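Comments concern the structure below.
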Amino acid sequence: MLYIKESRGDIFKIIGANVRYYRGLYNINNPSEKISQAKLAKICNVSTGLIGSLETGKVLGISIPVLWNISQILDVSIEKFFEDRFSS
């Protein structure tokens, strides 16, 4: 059996922090073309509020297809969203 130490809320905080991190890195070579929450939401066909809530850890569920779309738009493997790089 797989043991997950994070609670459901914790894993979505990790995912959200990573989405925010990678969205901030998007097109780092041309900062004028960085992707906003609104643009990301529009491309993924979700609300800006959902992206904002995801990034702040307030979402306790997101579909795999939406997470996949975000990973494709940001050019990041979906596995990167699950890395706990921010905790001490």
Side-chain angles (χ1 to χ4, degrees):
M1 173 157 71
L2 179 64
Y3 174 74
I4 300 173
K5 69 177 182 173
E6 291 86 7
S7 71
R8 183 171 182 204
D10 290 341
I11 195 65
F12 284 101
K13 286 178 184 174
I14 291 167
I15 292 168
N18 280 308
V19 168
R20 183 175 55 248
Y21 173 77
Y22 287 111
R23 186 176 60 78
L25 291 180
Y26 180 81
N27 211 347
I28 196 107
N29 295 321
N30 189 352
S32 67
E33 292 185 15
K34 284 193 177 181
I35 193 163
S36 66
Q37 286 181 348
K39 186 173 182 179
L40 181 60
K42 185 175 182 178
I43 295 168
C44 290
N45 199 29
V46 297
S47 71
T48 303
L50 176 69
I51 299 297
S53 294
L54 174 65
E55 289 186 0
T56 58
K58 295 178 183 169
V59 169
L60 294 180
I62 188 165
S63 72
I64 298 298
V66 169
L67 200 56
W68 176 257
N69 285 341
I70 293 170
S71 77
Q72 296 303 294
I73 292 161
L74 299 179
D75 195 26
V76 175
S77 69
I78 199 167
E79 296 87 10
K80 294 285 188 182
F81 292 143
F82 295 89
E83 292 179 1
D84 189 1
R85 74 180 76 249
F86 304 101
S87 65
S88 41

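For clarity, every value in this text was computed on a predicted model and none was experimentally measured.
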Test item: F81 and I70 side chains (from C-beta on) under 4.5 Å apart, heavy atoms: yes
Heavy-atom check, side chain of R23 versus side chain of L40, under 4.5 Å: yes
Rounded distance (nearest 0.5 Å) linking atom [atom1] of [X] with atom [atom2] of [Y]:
| X | Y | atom1 | atom2 | result |
| --- | --- | --- | --- | --- |
| S77 | F82 | OG | CZ | 10.5 Å |
| I62 | I15 | CD1 | CD1 | 7.5 Å |
| S71 | K80 | OG | NZ | 12.5 Å |
| E55 | Y22 | CD | OH | 13.5 Å |
| L25 | N18 | CG | CG | 10.5 Å |
| I51 | K42 | CD1 | NZ | 14.0 Å |

If only atom types and distance count, is the side chain of [X] paired as donor or acceptor with the main-chain N or O of [Y] below 3.5 Å?
| X | Y | value |
| --- | --- | --- |
| K34 | G24 | yes |
| D84 | I14 | no |
| S53 | L50 | no |

Atom of F12, atom of V59 and distance for their closest heavy-atom approach: CB-O, 3.1 Å
Single hit among T48, V19, L54 for side-chain contact (heavy atoms from CB on, under 4.5 Å) with Q37: T48
Intermediate values then yes/no, side chain to side chain contact (heavy atoms under 4.5 Å, CB included), N69 and I43: CA-CA 8 Å; N69 285 341; I43 295 168; over 6 Å; no
